[in-house]
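Below is one structure, written out as structure tokens; the observations come after it.
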Amino acid sequence: MSSHKIETGHQDMVHDVQMDYYGKRIATASSDFTIKIISVSKKSDSQLLASLSGHKGPVWQVAWAHPKFGSLLASSSYDGQVIIWKEGNQYQWVQAHVFNAHKSSVNSIAWAPHELGLCLACGSSDGSISVFIARSDGGWDNNQIEQAHSVGVTSVSWGPTTAPGSLIGSSSVDPVWKLASGGFDSTVKVWTLKDGSWRRDSSPALQMHTDWVRDVAWSPNLGLQKSTIASGSQDGTVIIWSVAKEGGKWEGIVMNDFKTPIWKVSWSLTGDLLAVADGNNTVTLWKEAVDGKWQQVTKVEP
């Protein structure tokens, strides 16, 4: 596996790196308050295309919208703002929208599956999750989940738009709106949008972690018979939560105890591999075996 070092030009720590849909550009978020857009190609060296300034604090996350909505990037920051950046002429980025719905740090952002339209979920240290939905007139509605995690939201992840076991592309069924969230309260919560308001999917909250949840990731189910969410925590464990049918009870199993905080959990597009980044700067890949136990398949050394 060849590696390719990219100079970002940031003056401080980089917190997030996201590749665009076509794999041609990356966006980086940094403590230096800026976002960089960098072209990446196998043939030539990486090239800085743009530096976006507007946040008044460290930028925690960046997220590319689906290209059917144009060239759009969202960013979230310690300053409480979420900015949506739009590329007009090539490499010319403007602030299309600035959301000030939160009173404190916005720790996590995630675009909804594109079938649901242009829609961004944001989790904040103020305890709430805002869900911004673009209207046809260019404005945005905010469908907020107040006090989602009372001591603060660390992460948000969208669920697939099809219920477990249903056929992909069965257009007769309305798409499902689902969110998973993790919090400083050590819990994972699952939310469903019904009749215009977000409701908890499962009571009580999913509670097996003993310290704050750093990241949650909902697996793309691709017609599987179950829904699956991975959560990684400050306590060093990754837990796999699954439910067999809509409205059922979520069950959790400890996939592994890494004995060091978990930074990030991330699924492959097919949903059968889970990547875990931990506090030892190690990335490991995991796969579910036939007996339901999870096995490490490979390790990526820094």
Side-chain angles (χ1 to χ4, degrees), residues 1-79 81-99 105-114 118 120-123 132 155-158 214-215 217 263-269 273 275-278 281-283 285 300-302:
M1 204 197 288
S2 66
S3 75
H4 186 83
K5 193 159 187 181
I6 295 171
E7 290 302 330
T8 64
H10 281 298
Q11 307 300 308
D12 206 333
M13 196 167 166
V14 174
H15 297 289
D16 195 20
V17 180
Q18 293 293 332
M19 190 168 273
D20 74 358
Y21 184 84
Y22 299 110
K24 297 275 197 328
R25 300 174 296 177
I26 58 171
T28 57
S30 168
S31 278
D32 68 8
F33 301 9
T34 71
I35 296 143
K36 308 278 189 196
I37 311 283
I38 299 161
S39 73
V40 285
S41 94
K42 292 188 181 72
K43 298 183 190 65
S44 59
D45 287 344
S46 54
Q47 180 190 354
L48 179 66
L49 303 178
S51 184
L52 314 183
S53 303
H55 283 295
K56 302 174 186 69
V59 186
W60 299 135
Q61 282 196 351
V62 282
W64 295 93
H66 189 278
K68 81 178 199 185
F69 303 111
S71 194
L72 287 180
L73 182 76
S75 59
S76 71
S77 165
Y78 180 77
D79 66 11
Q81 294 192 116
V82 174
I83 300 178
I84 297 192
W85 309 85
K86 186 180 174 73
E87 188 179 26
N89 299 331
Q90 204 176 19
Y91 314 147
Q92 298 296 311
W93 291 81
V94 296
Q95 294 184 22
H97 291 278
V98 179
F99 298 122
S105 178
V106 180
N107 302 318
S108 179
I109 48 175
W111 290 105
H114 64 86
L118 189 60
L120 186 74
C122 316
F132 297 108
S155 50
V156 287
S157 177
W158 287 88
R214 272 188 180 269
D215 198 23
W263 288 91
K264 192 123 186 77
V265 284
S266 168
W267 293 98
S268 62
L269 289 176
L273 277 179
V276 178
D278 67 37
N281 287 337
T282 310
V283 176
L285 291 178
V300 184
E301 294 294 351

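What you see is a predicted model, and the numbers here were worked out from it, not measured in a lab.
- For the pair Q18 and W64, the tightest heavy-atom approach, listed with the atom from each and the gap, is O-NE1, 2.9 Å.
- Between the side chain of D215 and the main chain of K264, no donor-acceptor pair closer than 3.5 Å is present.
- If you take OG on S31 and CD on Q11, they are separated by 12.0 Å, rounding to the nearest 0.5 Å.
- Here the side chains of H55 and Q81 are in contact, with some heavy-atom distance below 4.5 Å.
- I83 is not listed as a side-chain neighbour of H97, based on a closest heavy-atom distance of 4.5 Å or more.
- Applying the ring pair (Phe, Tyr, Trp, His ring centres under 6.0 Å) criterion to H15, with sequence neighbours excluded, gives W60.
- Listed by first then second residue, pairs satisfying salt bridge (charged side-chain N to carboxylate O under 4.0 Å, His left out) with a partner in residues 83-92 read R25-E87, not counting sequence neighbours.
- Classification of the H66-F69 ring pair by plane angle, with boundaries at 30° and 60°, yields perpendicular.
- Here the straight-line distance linking atom OG of S108 with atom CZ of R214 works out to 13.0 Å at 0.5 Å rounding.
- Atom NZ of K68 has more than 12 heavy atoms from other residues, nucleotides or ligands within 6.0 Å.
- A distance of 4.5 Å separates CD1 in I26 from CD1 in I38, rounded to the nearest 0.5 Å.
- Residues F33 and S53 have side chains not in contact (no heavy-atom distance under 4.5 Å, counting atoms from C-beta outward).
- Checking side-chain atoms of W111 against main-chain N and O of A63 turns up a donor-acceptor pair under 3.5 Å.
- Within the model, atoms CG of L52 and OG1 of T34 stand 8.0 Å from one another, a figure rounded to the nearest 0.5 Å.
- D16 contributes no side-chain N or O that, together with a main-chain N or O of Q61, makes up a donor-acceptor pair within less than 3.5 Å.
- Nearest heavy atom pair, residue L120 against residue C122, reads CD2-SG, 3.9 Å.
- Annotation: side chain of I35 is in contact with side chain of W85 (closest heavy-atom distance under 4.5 Å).
- Side-chain contact between I84 and L72 is present, with heavy atoms from C-beta onward closer than 4.5 Å.
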Candidate pair W93 and I37, rule side-chain contact (heavy atoms from CB on, under 4.5 Å), full reasoning: CA-CA 10 Å; W93 291 81; I37 311 283; 4.1 Å; yes
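- Rounding to the nearest 0.5 Å gives a distance of 6.0 Å between OG of S75 and CD1 of I109.
- S39 places no side-chain N or O within donor-acceptor distance of the main-chain N or O of S46, the cut-off being under 3.5 Å.
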